[in-house]
Structure formats: structure tokens, C-alpha cells
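In listed order, ligands and their atoms are each counted from 1. What you are looking at is a predicted structure, and each value in this text was computed from that prediction instead of being measured.
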Amino acid sequence: MPGDALSQDPALLRGRIDTTKAHPARVYDVFLGGKDNYPVDRAAAAAALAANPRGYLDVRHNRDFMRRAVTRLAQEQGIRQFLDIGTGLPTAENVHQIAQAIAPESRIVYVDNDPVVLAHARALLTSSDEGRTDYIDADLRRPAEILEEAAKTLDFDKPVALLLVAILHFVEDEEAYPLVRELVAALPSGSQVVLSHLTDEMHPEPTRAVQRTYTERGFTFVFRSKAEVERFYTETPDLTLDEPGVVPAHLWHPGPAPAPPAVDEAYFESLDDIEKIRYRDINDVTDDDINVYGAIGTKA
Ligand SMILES: C[S@@+](CC[C@H](N)C(=O)[O-])C[C@H]1O[C@@H](n2cnc3c(N)ncnc32)[C@H](O)[C@@H]1O
């Protein structure tokens, strides 16, 4: 619950956070060049990077797909409400900063089930005065709870963009397809579903090598093929895929990614491979690098 979640007793919250094991949200933060992570998370990221040295491009391009998708929805479709499930740790540009830079009145509800994200959630509540942001501490596998809480901030009579960006790979088929149907059923006509998803279909070897490094650390992903990602749209009533369909994330309405922070060359060379990631320009991406699909669909 928005208010209740953020006023949790800090000691209780700390009790929910395990700093001895790598957490997906914190490992993801390492790849984005963030600071909200622990040595175990950096070790997990380093092992994944050893298995696929350009693997950071999947993470950075996934995030850039999200940036382009939100920008396009706000700018061209006039979307003013966003439900971002699987938010991740706050980073340089969160959904509300992207959307409110275009339309300050935009409302954004963030949802994540990781206590690490909850602990940092105040950085997501820096809304413009005209708009609003809220945070819900909830699980994607309980859509009814999310919808009930989100309705306190979002008007479900007006279009909503549902963001399921790099989260469905944490959920097995039996729950994943029905939960998307349940969430979409609550959205009015004109709503949009933004989805990105890891796949081992394009480059099986490096992707599975990375997967093994995570499995050893106790977390795992459900890879899905293009056809399986398309099913999220084709098996959901009233939902149709928009052009260009399900495509590698860097090819979805491609455009230049923002330049990385400037860095002194000698300083850059002194950094380890993980520390270097935040200074890398991702515009050198090729089709051989990417293992994430991106797509948007519209509810009739
Ligand atoms: C890989 S990060 C993606 C962050 C952000 N959506 C992005 O793409 O940049 C996945 C996030 O989903 C969250 N997550 C995983 N399973 C979840 C679940 N069942 N319910 C809610 N959040 C979940 C994790 O805690 C993590 O913060």
C-alpha cells in the first residue's frame, strides 16, 4: 500500500533484505551503473559479464526501450497514466521523470515486491506538482491487489499504459499468461501494454552461459521465444500488437541512446569491468548483442 508501505518500520524492512545473497533488482542496478548494490550483487554481475562480456547491452538496451516506449506513448498517444510493475531500483530516469518531462500532469504508480526497491522508493515519489506518483509493495502474481491499490491514484476510466518491462521472465507460464489477462481486463479502451522479455532464442550459447551463473546463485529466468512473447498479446482478449510487433529491443522504433557520462580516459582505464559499464556508449550495439524482445500493444 502506498502510504503504509513507505512508513514501514526500518528495522522490519532491514529484516526483509538479505545482503548475503544476490538480488535480481540489485544485480540489474549494477548493470545500469547504480550504487544501490552490495558485493554479492557485483560478484553476480561480474560472473555474468565473464560469461558474456557484452551482456550489459541487454540491460542497458532494455532500459532504453522503456525510455523510448514511455516517450512515444506520452508524446504521440497522449497517455497520462502509467502502471509500472517490476519497477526496479530508482535510476537516472524513472518513468515519472520521462513522462512528466512531456506532460507534467502524468500519474505513475510503481509496483515491486523486492524490499530493496521499497527501501529506496522515496526517490520514486518526486512527482511534479501537477502530477502524482505512488508506490505499491506488491507481487505481480496478485493482480487484484495491485489493481485495487492502483485505483487510488489512477483513473481506470481513462487509458493507462501497463508496463511489464523485464519482469515476466520471473513468472512461470501457468501464472504469467492469466495474470496479464487479468490486468488487461481492468484497463479501458485505448490503454497500452508495454512488455519486454529475455529470450535465449537469438543467441542460445551466451544467454544460457549467463543463465547458469545466475542459477548457481539461486535465481533463474524463464526465457521465452518470440512466439511465446506474442502469446501475451494474442491470448489476451481485445489486445492487439502494434507495429513493429515483437522485435529485439534495440530495433523497436530505434533511436540514439543518450550519451554516457563524460570520463577521463586514465580514470576509465583504472576501473574494473563492472565499474566501466556506466561509462560505455551503448550506441555501438549490433544484432549479435541483444537477447531481449520488446513490444507494445493496444487495447480495443
Ligand atoms: C530486471 S528488473 C526490471 C526493472 C525495470 N522494469 C526495467 O526494466 O528497467 C525486474 C524487477 O521486477 C521485480 N520483480 C520480480 N518479480 C516480481 C514479482 N513477482 N512481483 C513484483 N515485482 C517483481 C524485481 O524485484 C525487479 O525490481
Side-chain angles (χ1 to χ4, degrees), residues 1 5 13 16-18 21-34 36-37 41 44-45 48 55-70 82-99 108-121 123-124 135-147 149-150 161-176 178-180 182-183 193-199 210-211 214 218-223 249-250 252 257 282 290-296:
M1 290 154 278
L13 188 53
R16 283 177 60 194
I17 297 176
D18 187 348
K21 279 197 211 135
H23 263 237
R26 293 193 312 236
V27 177
Y28 187 82
D29 179 65
V30 174
F31 281 114
L32 288 180
D36 298 321
N37 47 68
D41 307 306
Y56 65 90
L57 287 163
D58 277 326
V59 175
R60 299 268 311 272
H61 270 280
N62 171 67
R63 191 77 194 177
D64 203 55
F65 156 76
M66 189 277 278
R67 180 189 65 79
R68 297 196 308 281
V70 170
F82 296 83
L83 177 56
D84 178 19
I85 309 182
T87 301
L89 282 159
T91 182
E93 275 211 302
N94 303 294
V95 173
H96 73 282
Q97 281 129 352
I98 302 166
I108 291 87
V109 172
Y110 293 111
V111 183
D112 208 288
N113 71 344
D114 190 327
V116 180
V117 179
L118 172 60
H120 290 87
L124 298 167
Y135 182 84
I136 306 175
D137 176 27
D139 196 300
L140 170 66
R141 290 164 296 183
R142 301 170 76 95
E145 263 174 35
I146 293 177
L147 290 166
E149 283 301 319
L162 169 64
L163 271 54
L164 295 169
V165 180
I167 183 172
L168 283 165
H169 55 238
F170 293 111
V171 187
E172 300 286 347
D173 284 2
E174 309 77 74
E175 287 183 293
L179 77 82
V180 171
E182 189 172 340
L183 287 167
V193 179
V194 180
L195 195 150
S196 77
H197 206 294
L198 271 175
T199 186
V210 168
Q211 162 77 314
Y214 289 130
F219 58 97
T220 192
F221 303 126
V222 183
F223 290 122
H250 67 304
W252 188 91
I282 62 168
I290 294 299
N291 302 290
V292 183
Y293 285 126
I296 287 197

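A salt bridge links Arg67 with Asp64: the closest approach of a Lys/Arg side-chain nitrogen to an acidic carboxylate oxygen falls below 4.0 angstrom.
Residues passing the side-chain hydrogen bond (donor to acceptor under 3.5 Å, both in side chains) test with Asn62 are Tyr28, Ser196, sequence neighbours excluded. Considering only residues two or more places apart in sequence or on other chains, Glu182 meets the side-chain hydrogen bond (donor to acceptor under 3.5 Å, both in side chains) condition with none of them. Partners of Arg60 according to the salt bridge (charged side-chain N to carboxylate O under 4.0 Å, His left out) rule, which considers only residues two or more places apart in sequence or in another chain, do not exist here.
Under the 6.0 Å cut-off for aromatic ring centres, Tyr110 and Tyr135 do not qualify, their centroids lying 6.0 Å or more apart.
Within 4.0 Å of ligand 1, contacts by protein heavy atoms are made from Ala25, Tyr28, Asn62, Arg63, Gly86, Thr87, Gly88, Asp112, Asn113, Asp114, Val117, Ala138, Asp139, Leu140, Arg141, Val165, Ala166, Ile167, Phe170.
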**Prompt:** Can you list the steps and then say if Leu183 with Ile85 is a side-chain contact (heavy atoms from CB on, under 4.5 Å)?
**Reply:** CA-CA 11 Å; Leu183 287 167; Ile85 309 182; 3.9 Å; yes
